[in-house]
Amino acid sequence: MIRARVVVASNRAAAGIYEDTSGPLLVAGLRELGCTVDAPVVVPDGEPVGDALRAARDEGVDVVVTSGGTGITPTDRTPDVTRSLLDYEIPGIAEAIRAHSRDTVPTAALSRGLAGVAGRMLVVNLPGSRGGARDGLAVLGPILRHAVDQLRGGDH
């Protein structure tokens, strides 16, 4: 069984200004992929994302998918915080997510989301939109089980 967690990086949702909709979509999608996953963890962007990633790593979570904070505004800090915790990046995943979206959503090229490994945990940054969540799930679906197996020491 794959243990997954969804971390939503949203200053407004964390403050209760609006209700996040991408997190529940990601939870449902990860469950459809066979993951065990609780309700989304909603935190402000920046260091609280790092705290949530460290907690997931320390708890032995296999996969964390973040939603939000991947753009180019001054408050979008999720990729920067994520990068500081990664042992190594897996650029092909982030590139595939952007490529999956860019023909229909040209602004997908502005996403700075990345993917990589912290310990034995896969971390994938997604944009905070429902479309970004769907696109991320479409890319992760065919590779998630294999990636987790590899991180657990499986053979090619």
Side-chain angles (χ1 to χ4, degrees), residues 1-10 13 20-43 45 49-50 52-57 59-73 76-156:
M1 183 62 68
I2 296 173
R3 288 185 61 206
R5 183 163 298 161
V6 173
V7 175
V8 175
S10 171
D20 169 69
T21 58
S22 64
L25 191 151
L26 287 167
V27 167
L30 287 166
R31 286 179 180 158
E32 287 177 20
L33 294 174
C35 298
T36 299
V37 56
D38 294 327
V41 176
V42 180
V43 296
D45 201 352
V49 174
L53 292 175
R54 280 187 287 278
R57 182 194 60 206
E59 293 169 29
V61 171
D62 297 302
V63 178
V64 174
V65 177
T66 70
S67 173
T70 64
I72 61 173
T73 73
D76 288 324
R77 304 282 304 140
T78 296
D80 309 301
V81 172
T82 300
R83 181 174 282 119
S84 72
L85 297 172
L86 295 179
D87 296 311
Y88 55 92
E89 292 186 33
I90 309 171
I93 294 175
E95 292 164 4
I97 292 166
R98 283 186 284 274
H100 185 82
S101 308
R102 78 169 174 251
D103 289 340
T104 55
V105 183
T107 56
L110 297 176
S111 174
R112 297 184 308 119
L114 50 87
V117 175
R120 291 185 175 243
M121 180 178 74
L122 177 65
V123 181
V124 179
N125 299 151
L126 298 177
S129 67
R130 291 176 59 84
R134 283 191 294 269
D135 290 345
L137 289 167
V139 170
L140 288 174
I143 64 171
L144 188 61
R145 189 162 302 284
H146 184 69
V148 170
D149 181 60
Q150 294 289 294
L151 291 172
R152 290 177 175 168
D155 197 3
H156 294 280

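Heavy atoms only: backbone and side chains are in, while hydrogens, waters and symmetry mates are out. Throughout, numbering of the chain's residues begins at 1 and tracks the sequence.
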With a cut-off of 3.5 Å and sequence neighbours excluded, list every side-chain donor-acceptor pair involving residues 107-126.
unit_1: Ser111; atom_1: OG; unit_2: Thr70; atom_2: OG1; d: 3.4
unit_1: Ser111; atom_1: OG; unit_2: Gly113; atom_2: N; d: 3.2
unit_1: Arg112; atom_1: NE; unit_2: Gly71; atom_2: O; d: 2.9
unit_1: Arg112; atom_1: NH1; unit_2: Asp80; atom_2: OD1; d: 3.2
unit_1: Arg112; atom_1: NH2; unit_2: Asp76; atom_2: O; d: 2.8
unit_1: Arg112; atom_1: NH2; unit_2: Asp80; atom_2: OD2; d: 3.1
unit_1: Arg120; atom_1: NH1; unit_2: Leu151; atom_2: O; d: 2.7
unit_1: Asn125; atom_1: OD1; unit_2: Leu114; atom_2: N; d: 3.3
unit_1: Asn125; atom_1: ND2; unit_2: Thr66; atom_2: OG1; d: 2.8
unit_1: Asn125; atom_1: ND2; unit_2: Thr82; atom_2: OG1; d: 3.2

Quick one: closest heavy-atom pair of Arg5 and Val41, and the distance? CD-CG2, 4.0 Å

In chain order, what residues pass the side chain to side chain contact (heavy atoms under 4.5 Å, CB included) check against Arg145, with sequence neighbours excluded? Ile2

Between Pro24 and Pro40, is there a side-chain heavy-atom distance shorter than 4.5 Å? yes

Looking at Asp87, I want to see if its CG is surrounded by more than 12 non-hydrogen atoms of other residues, nucleotides or ligands under 6.0 Å. yes

Side chain to side chain, Leu26 and Ser67, heavy atoms closer than 4.5 Å: yes

With heavy-atom distances below 4.5 Å as the criterion, would you say the side chains of Val37 and Val63 are in contact? no

Output for pair (Arg130 CZ, Asp20 CG), nearest 0.5 Å, gives 9.5 Å

For Thr78 versus Gly68, what's the shortest heavy-atom pair and its separation? OG1-O, 3.3 Å

Using a 4.5 Å cut-off on heavy atoms from C-beta on, say whether the side chain of Val105 contacts that of Ser129. no

Tabulate below the donor-acceptor pairs under 3.5 Å that side-chain atoms of residues 131-140 make, not counting sequence neighbours, or state none.
unit_1: Asp135; atom_1: OD2; unit_2: Ser101; atom_2: OG; d: 2.4

Got a second to check how far Asp62's CG is from Arg3's CZ, nearest 0.5 Å? 7.5 Å

